[in-house]
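I have placed the structure first, in the form of structure tokens, so that the comments after it can refer back to it.
As the structure lists them, so they are numbered: ligands from 1, and atoms in each ligand from 1. These numbers were taken from a predicted model, which means no experiment stands behind them.
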Amino acid sequence: MPKNETRFGASQTRRSFLRSSMLATGAALFTPIAAQQSKAKGGNGGGGGKGGKDPVARNPLRIPPIVTPTGMALNCAPTTFDLGGGNISSGLGYNGHIPGPTLQVRTGDQVTVDLYNGLTQPTITHWHGMIVDTANDGGPELAFEPGHGPYSYDFPVVQRATMNWYHPHPHMLTGEQVNLGLAGAFIIRDDHEDSLGLPGGNYEVPLVIRDANFDKQGNLRYNPRSSGFFGKSALINGTLNPKLDVDSGWYRFRVLCGANARVWDLTMSDGRPFVLIGNDGGLLASPIDVYEITMSPGERVDILVDFSDLAAEDSVMLQDERSGWDLLEFVGTGDAGYAFSVPSTLSAITPLSGPNTPTREFSFDGMNRINGLEYDIDRIDFSVPVETTERWRFTTNGNAPHPVHVHGAYFQVVSRTRGRRRLYPWEGGWKDTVLLADKESVAVLVRFSMRSHYVMHCHKLEHE
Ligand code: C2O
Ligand code: CU
């Protein structure tokens, strides 16, 4: 390919109803738990609220171990995990963890990972949001069979601080493998972010939010429909009905929508704000209080919450307005926490300037086509000049929502016409995934710097 181009395969697969044969070794140790999710939303605030007591027994939130991905072996294989309270479930884990370990690097670090396939299917791992070349991007063309590999990644971290994530990306199998547990957070830090003194240590908590179904033995079960996978329960960091004890002070939550298809409207039961400070591509220019955040598969938000008024034993619930589910209960310890005042400026976001009319248009047709075409691993659909800002327009042509994800570059969202007809605070700054809800058309400005080839696709994984 010419050296000045970034090339694209537009990736959407036929939906896959493949049944998993990968869980044959699963543990089967408890009675079905799938229906435990509290439907506590009633009037205002449901099961949470100051002094309110949630009726569901709640489990301490799992915090995945933090690992530096340098000289790291990463193994995808069946594993068991504790949903909370000793309810052992099975699924697919990275190095035995569901979700996988939180990878943590600094800008300028070199990432070296050997990926081992301990599954019964091909796999490959994509670093969602990392700006890397094709050989390190982990797209479908790099999938390898069990018994082969390892696949070795070796890339520099060339971007600023943010929270990305990692998950499998084999053609037709991504939805199943992610749903059965293969996903983890990938945090990048840098000096500028450090200088802001944001809450850290125990006061910085990753939240990988997804839904799940279980079989009769309580093991993760992937049973998608044509409309996508919709689970009956939420799992936060792999924990069912989780709670987190919080000190009186500020917390930073790094939130990932790791669901296959579900879109969430996050709120706090007592109406306290989320102070939104960042999203897919790192910090926003300035913080903004929001009371509800919509997240679709693949999107991240970085939020601060002030619990300094939360007395011992008082509780507040993180909820999803769409499903009415209680997601995570925060319970006050009464101990002094992290005192902090939110800086009024967070980072410099230089607006891209580019053409006023679309350079390219992409229509997301049905479940598995872009501009009428299904993914073909051997076809290059278009080439983009590097270091050139283009204006792309994404439009739905049925079967929305479609969270549109572009590999290899971040974009700035410029407008949304039809449908919701507006942009939201969490769509500012730099994005790699943007939600197209029913009838919507979204314009973005995008600029590539890496000479490589990539896929773009719908991140509803049953559309992938
Ligand atoms: Cu999160 Cu192409 O993927
Ligand atoms: Cu879609």
Worksheet item: His169 vs His457 aromatic rings, parallel, tilted or perpendicular, using cut-offs 30° and 60°?
Response: perpendicular
Discussion item. Under 6.0 Å between ring centres: does that hold for Phe411 and Trp392?
Written reply: no
Worksheet entry | Ring geometry between His167 and Trp165 (parallel below 30°, tilted from 30 to 60°, perpendicular above 60°) | tilted
Item to complete: Name whichever N, O or S atom of His459 ends up nearest to atom 1 (Cu) of ligand 1.
Response: NE2
Worksheet item: At atom 2 (Cu) of ligand 1, what angle lies between atom NE2 of His407 and atom NE2 of His457, rounded to 10 degrees?
Response: 120°
Fill in: Heteroatom test (N, O or S) for Cys458 near the Cu ion (ligand 2), limit 2.8 Å
yes
Practice prompt. Return the name of the atom in His463, of element N, O or S, nearest to the Cu ion (ligand 2).
Written response: ND1
Worksheet entry | Parallel, tilted or perpendicular, as decided by the 30° and 60° cut-offs, for the rings of Tyr94 and Tyr166 | tilted
Worksheet item: Looking at the Cu ion (ligand 2), which N/O/S atom of His402 is the nearest one?
Response: ND1
Response to the item:
Checking distances from atom 1 (Cu) of ligand 1, one finds that the N, O or S atom of His128 closest to it is ND1
Practice prompt. Starting from atom 2 (Cu) of ligand 1, look over the N/O/S atoms of His169 and name the nearest one.
Written response: NE2
Worksheet item: Among side-chain atoms of His126 and Thr174, is any donor-acceptor pair under 3.5 angstrom?
Response: no
Item to complete: Output yes when a side-chain donor or acceptor of Arg254 lies under 3.5 Å from a complementary backbone atom of Glu204, and no otherwise.
Response: no
